[in-house]
Every structure is written in C-alpha cells, then in structure tokens.
Protein chains: 2
Amino acid sequence: MSRQFTSVWTREPRSRPAGPGRSREEIVKAAVELLDAEGLGGLSMRKLGAKLMSGATSIYWYVATKDDLLELAYDEVWAEISVPDPDEAHWREVASVLAHSMRQAMLKHPWSADLIGRLPALGPHAIGVSERMRRTFRLAGFTGTDIDFAGATLTAFIFGMTTPEIAWETTVEGVWDTAAAQAALTKAAAGHPELLDAIGTMPDEDPRVMRAMAFDFGLVSVLDGLERRLAT
Amino acid sequence: MSRQFTSVWTREPRSRPAGPGRSREEIVKAAVELLDAEGLGGLSMRKLGAKLMSGATSIYWYVATKDDLLELAYDEVWAEISVPDPDEAHWREVASVLAHSMRQAMLKHPWSADLIGRLPALGPHAIGVSERMRRTFRLAGFTGTDIDFAGATLTAFIFGMTTPEIAWETTVEGVWDTAAAQAALTKAAAGHPELLDAIGTMPDEDPRVMRAMAFDFGLVSVLDGLERRLAT
DNA sequence: ACCTGAACACCGTTCAAGT
DNA sequence: ACCTGAACACCGTTCAAGT
C-alpha cells in the first residue's frame, strides 16, 4: 500500500559518463532484436548476455531489473508511432493515422501486445504520443474529462483489436496446421448455428486483408461515435 | 508451419471414469483461487500441488500442461459473463449488458486480462457468448462479415478499456504510494502542456467512479458508431 | 568503472518407480 | 488408475571477487 512507485523513467540511470563499456542504447537495441525474433518468452538475461558477448549478469550494471529493460524496449515501440500535427490536420485524420500507425508498430513488434496497457507508459515517446492525442481531441471540441475519455476509447479500440490479430498470427498462422485449426473450430462450434454460419460463409479472402477490413470498420465506427458526442 | 493445432478443448481428457482421485473441476477451481489471490505469476504447479495437498507433478495426470490448465481456468471467466437473450432484447441493450458484465468479470479476475485476446477461446462458455453476440448483431441488421466486424469492435473496446484499468488497480493503487506515483507522472509530463493541464484539472472524484464513467462514455460512442453503420 | 562466475531460490516437465 | 520424488534444463537476481 505504501511501496514507492517505481519505473525506469523515475530513476536516474547509473552511469553518467559514457565509459568504454556498453551502453543502455546498445543493450535495449539487442533486447528489441531478441524480442522481435523470439517473443517475450524468448528474452532472458542469459540469452541477452550471450548476444552481447558478455556475462548475463553484466547487464545489471546498466539496468536495475529485467522489467526496467522491458520498459525501455517498450518505449521504442511508441517511437515508431507517427501522429500528424493536431494543429494542421482534422482530428479524424490525426486519429486515423495514429490508429493505423499504432497497429503497424504492434504487428511489427508482436511482443508489445503483452506490454501495452499493462506497463506504465512513461517513456518520452509514449508521453509524446499522449500529448498529441490529447491536443487532437481538445481541438476537436471535447472539453474536461471528455478529452481523456475520447483518447482512452480510441486507444482501447486499437489495442483491443490488434492484440487478437497478433495472437492469431503468431499461433494459428505461425505454427499450426491451418486446416486442423479450422476443424477444431468447427468442432467447437457444433450446435451453435450462428457460429457454423459464420464459418460456412467466411469469404475466401486473404485473412490479413480481412483483418485490415475489420480494423477499418471498427475505426470508422469509433470515430463516428466520438463525433456524435461532439454534436450533443 | 504444420504443427497440429492444439488446445485443451480439442483433446480428450485422460480419465474417463471418475475414480477415487482428484478431478479436473477440483483442480481448475483451486487454480482459479490461486490466480485470484496471487495473479498469473503466482500460479505454479508446485504451489497448486501444495494447495491440493499432493505432489506438484500429480496434476499432470489430469492436465497435459500448465497452458491447458490456464485455458480451463480462462473459460470459467467467460462463464460469469451474462448476455441477455438476443431474441428478447434490443441489440443495444444486449451489447451494453454484455459489456458491463464482461468488464466486471475481468475486474474480478484480474489475471484474465493477460489471457483475453491471447489464448484461443474455444471453451464452452466462451463459445456460448460468441454465439449470442453474433445473433445479436445479425438481428440488429448487420449482414455478412459486418456481423463479425461489429462483434470484434465491441469486444476490442471492452477488453482494451478494461485491461489498463486492471493494470492501474493492481499496480499503482494496489502497491504504490499514490502521491509518489502522481509526482512521477507530473515529472514525466514536464514540458507537455496538454498533459500538465490534464493532471491539473483532474476532478477529485473516486478514481473508480471516473473509470466507470470513461467506460460508459466509450461504450455509448462505440454503440452509436455501430448504429451509424446500420443506417447507410 | 566495469565485468565475472558461483550461488540461491525458483520455474515447467519427464520419467521410472511405486501402490 | 493414480501418485510420488528425483532429475533436467531452464529462469531472475545477488554478491563477493576480480581488473
């Protein structure tokens, strides 16, 4: 109840002068590569040490805990999210570009889906995105807490929509026999007419395209819904 | 690429006749209790064994892997989600009750936030909810893939909104000095006028109430947005 | 200032052996 | 049919010791 709030971003990094040793940037870069290649479960201090050709425990000189390292890597994902200048573009345009950009960043770094919404996002890049998003909704005409509510609604949608996409890509499409997965689904749907109909009438499109369509459908809905709030 | 798709729900449980030993239900019940009390990280086969007063490895007689156990526990969360009969209520009412009910189930079992959208939801209770949700959106007037898109949009919102709520409750409010957390946030917001304004004008309400308001704001927006799709 | 290896207290899972 | 303990290959982290 009274433990101190703590995050990489609230503590000073240990080494002020950059000596001859490694650097935080170097370590974070290697961590992101490992995460991209092997996922969240694939990152261990021992493996990361090996990749950096050092002892596993050397990393603890630069970073207090593995969680700190994850917070650092996490903010790199936010760095890839582009948000148009809210003072230059219409709010729907800003929100739409932000949404697609965030989805792409997540798809590129699947492990981020396990972190978004769970880790404090206090890194400079995450903060930068929040700042622009808030300004966007203020300029759109929202006031008071509605500014934050609108932002929370948008990010909830993006995050909530993209996470299952990633789960599907990294499990079913990634490693499993798709036909067998289909069969399992059909079996689970037995006795449920709606689900059987859904499976039966599923269009023969590229599933990636279908997912993009679903995302766009949802995004337009969310933006329309927010616009509706503005009218009343 | 060709590994067999696999899930607890696609394999036969080992023991057909219920002998004198433990049962799956008993084990899953104990697992849920442990998860509720200690979170996802608090569940280990050894601890669960101790709770059941048996060797840790005895559990493997009833359950193939820990992941299987999690799938089983996961479906118990879906069991707590109530969905009104789509043939009796207006679709907005069904969606709204479903949304609030799912949020409550997640808040009650915080560990579920780490599973939703990541684990295949093929258990009978999860399937039951999907079935009703699909029927709801069909009766609302959606057709073809739009039925699924509408459902995906709604669940993305619920899941995406509730996950950060849980993270906040279990970390900042749960274990940390709130004032210090506030200070950390203010520091991170330095130089960002929008965020500083947000912190400064934050109403003095109970944060739980604020979160419920944010959820309702977003839900109404999503439903309005979906209704808009119907009109065109 | 930086790096090391040994050690501690954990994991999930396998398997031969028991009853 | 069910349960056990030992063992294997891992974890994150601490710490005394090195350079």
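Only a predicted model underlies this, so the values are computations on that prediction, with no experimental measurement involved. Sequence lines set the chain letters: A, B, ... in the order given, protein chains first and strands last, and positions in each chain run from 1.
Atom C1' of nucleotide D:dT13 and atom NZ of A:Lys66 are separated by 12 Å, given to the nearest angstrom. Taking atom CG on B:Leu43 and atom P on C:dT13, their separation rounds to 11 Å, with Å as the unit. Counting to the nearest Å, the C1' atom of D:dT4 and the CD1 atom of B:Ile59 are 13 Å from each other. Distance, A:Leu48 CG to D:dT13 C1': 15 Å, rounded to whole Å. What separates CE of A:Met45 from C1' of C:dC10 is a distance of 16 Å, to the nearest Å. Spacing between atom CD of B:Glu38 and atom P of C:dC10 amounts to 12 Å, rounded to whole angstrom units. D:dG5 atom C1' lies 19 Å from atom CE of B:Met53, rounded to whole Å. Counting to the nearest Å, the P atom of C:dC2 and the CG atom of A:Leu52 are 15 Å from each other.
Other residues, nucleotides and ligands place no more than 12 heavy atoms under 6.0 Å from the NZ atom of B:Lys29. For A:Arg208, the CZ atom counts as loosely surrounded, since its 6.0 Å shell holds 12 or fewer non-hydrogen atoms of other residues, nucleotides or ligands.
When the side-chain nitrogen and oxygen atoms of A:Tyr60 are compared with OP1 and OP2 of C:dT4, none of them lie within a distance under 4.0 Å. Close to D:dC2, at under 4.0 Å from its OP1 or OP2, lies no side-chain N or O of B:Tyr62. Under 4.0 angstrom from either OP1 or OP2 of D:dC2 there lies at least one side-chain N or O belonging to B:Trp61. A sub-4.0 Å separation between OP1 or OP2 of C:dC3 and a side-chain N or O of A:Ser54 is absent.
Shown here, C:dT19 forms a base pair with D:dA1; the pair counts as Watson-Crick or G-U wobble because both key distances fall under 3.5 Å. Nucleotide C:dT13: paired with D:dA7 (Watson-Crick or G-U wobble, both distances less than 3.5 Å).
A donor N or O paired with an acceptor N or O is not found under 3.5 Å between the base of D:dG12 and the side-chain atoms of A:Thr65. Checked by distance alone, B:Thr57 brings a side-chain donor or acceptor within 3.5 Å of a matching partner on the base of D:dG5.
When the nucleotides C:dT4, D:dC11, C:dC11 are ranked by their closest atom to the side chain of A:Arg46, D:dC11 comes out on top.
Side-chain contact annotation: A:Glu76 with A:His109, donor-acceptor N/O pair under 3.5 Å absent.
Base contact: B:Ser58 has a heavy atom under 4.0 Å from a base atom. No contact: A:Leu69 has no heavy atom under 4.0 Å from any strand.
Looking at which nucleotide of DNA chain C each of B:Gly41 and A:Gly55 is closest to, the 5′-most match is held by A:Gly55.
A side chain to side chain contact (heavy atoms under 4.5 Å, CB included) with A:Thr65 holds for exactly one of A:Leu69, A:Asp68, A:Val63; it is A:Asp68.
Note on A:Lys47 versus A:Glu38: salt bridge recorded, some NZ/NE/NH1/NH2 to OD/OE distance being below 4.0 Å.
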